[in-house]
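The first residue in the sequence is number 1, and the count goes up from there.
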Amino acid sequence: MKLGIIRCTQTEDYCPGSGDLQTIRERKGAFAGVEDIELVGFINCGGCPGKKVVLRANSLVSQGADTIAFASCIQKGTPIGYPCPFAKRMKDLVQNAVGDKVQILDYTHDAGPKQE
């Protein structure tokens with residue numbers, strides 16, 4: 001798997017992506033059972049409402065990505081407990097742009113601890 005990850009711009013101040021990287025190393029979450037993973041890029045969505053996500057996804061594909069994962073901060077709202085309201089639309093736009101040759105993953109890791 002040649003992996004590109006798209007993360008939420010809004011959570012970059014809260015999360016350096018450590019959970020995503022650890023999940024890849026440990027082959028857990030969305031990467032359970034995947035033996036060979038090469039991370040080719042880790043980029044943000046470009047900010048709300050995700051208008052730059054197709055540009056960002058195409059950039060990952062140009063770097064060799066055959067799989068694009070939307071980081072858990074987008075779909076699950078980690079670590080701030082606020083899932084992206086544009087997640088489904090962004091996924092649909094990316095899938096239409098890159099076609100069936102690129103696998104799209106909805107998340108990277110299981111949600112972290114609940115915020116109080």
(request) Look at the side chain of Thr23 and the backbone N and O of Gly19, then say whether any donor-acceptor pair between them is shorter than 3.5 Å. (result) yes
(message) Let me check something: do Leu55 and Ile6 share a hydrophobic cluster, defined by ILVMFWY side-chain heavy atoms less than 4.5 Å apart, either directly or through other members?
(response) no
(message) Under 3.5 Å, is there a donor on one side chain and an acceptor on the other for Ser72 and Thr108?
(response) yes
(request) Would you please name every residue forming a salt bridge (charged side-chain N to carboxylate O under 4.0 Å, His left out) with Lys2, sequence neighbours left out? (result) Glu38
(message) Let me check something: do Leu39 and Ile68 share a hydrophobic cluster, defined by ILVMFWY side-chain heavy atoms less than 4.5 Å apart, either directly or through other members?
(response) no
(request) Say whether Glu12 and Asn44, considering side chains only, have a donor N or O and an acceptor N or O under 3.5 Å apart. (result) yes
(request) Give, for atom CD of Gln22 and atom NE2 of His109, the distance between the pair rounded to the nearest 0.5 Å. (result) 9.0 Å
(request) Apply the side-chain contact (heavy atoms from CB on, under 4.5 Å) test between Leu3 and each candidate in Asp20, Leu60, Ile37, Val34; give the one that qualifies. (result) Ile37
(request) For Gly64 and Val40, work out which heavy atoms get closest and say how close. (result) C-CG2, 4.4 Å
(message) Restricting to non-hydrogen atoms, name the atom on Cys45 and the atom on Thr9 that form the minimum distance, rounded to 0.1 Å.
(response) SG-OG1, 3.7 Å
(request) Output, in order, the C-alpha distance, side-chain angles, deciding distance and verdict of side-chain contact (heavy atoms from CB on, under 4.5 Å) for Ile43 and Arg7. (result) CA-CA 6 Å; Ile43 195 167; Arg7 66 179 298 171; over 6 Å; no
(request) Drop me the distance from Cys73's SG to Tyr107's OH, to the nearest 0.5 angstrom. (result) 14.5 Å
(message) Check for me, please, whether Met1 and Leu21 land in the same ILVMFWY cluster - side-chain distances under 4.5 Å, paths through other members count.
(response) yes
(message) Is the shortest side-chain heavy-atom distance between Cys15 and Pro79 below 4.5 Å?
(response) yes
(message) Is any side-chain heavy atom of Gln103 closer than 4.5 Å to one of Asp66?
(response) no
(message) Looking at every non-hydrogen atom in both residues, tell me the closest pair between Ile74 and Met90 and how far apart they are.
(response) CG2-CE, 3.9 Å
(message) If I take atom CZ from residue Arg27 and atom CD from residue Glu35, how far apart are they, to the nearest 0.5 angstrom?
(response) 8.5 Å
(request) Working to the nearest 0.5 Å, report the span between SG of Cys48 and CD of Gln10. (result) 4.5 Å
(request) Could you tell me whether the side chain of Val54 reaches within less than 4.5 Å of the side chain of Asn96, counting heavy atoms only? (result) no
(request) Please report the shortest heavy-atom distance between Gln95 and Val102, naming the atom on each side. (result) NE2-O, 3.4 Å
(request) With the side chain counted from C-beta on, respond yes when Val94 and Phe70 share a heavy-atom pair under 4.5 Å apart, and no when they do not. (result) yes
(message) Is it the case that over 12 heavy atoms from other parts of the model lie below 6.0 angstrom from the CZ atom of Arg89?
(response) no
(request) Decide, yes or no, whether a salt bridge links Lys76 with Asp106 under the criterion of side-chain N to carboxylate O below 4.0 Å. (result) no
(request) Kindly indicate whether the side chain of Phe31, heavy atoms from C-beta on, has any atom under 4.5 Å from the side chain of Leu105. (result) yes
(request) Not counting sequence neighbours, which residues clear salt bridge (charged side-chain N to carboxylate O under 4.0 Å, His left out) with Asp92? List them please. (result) Lys88
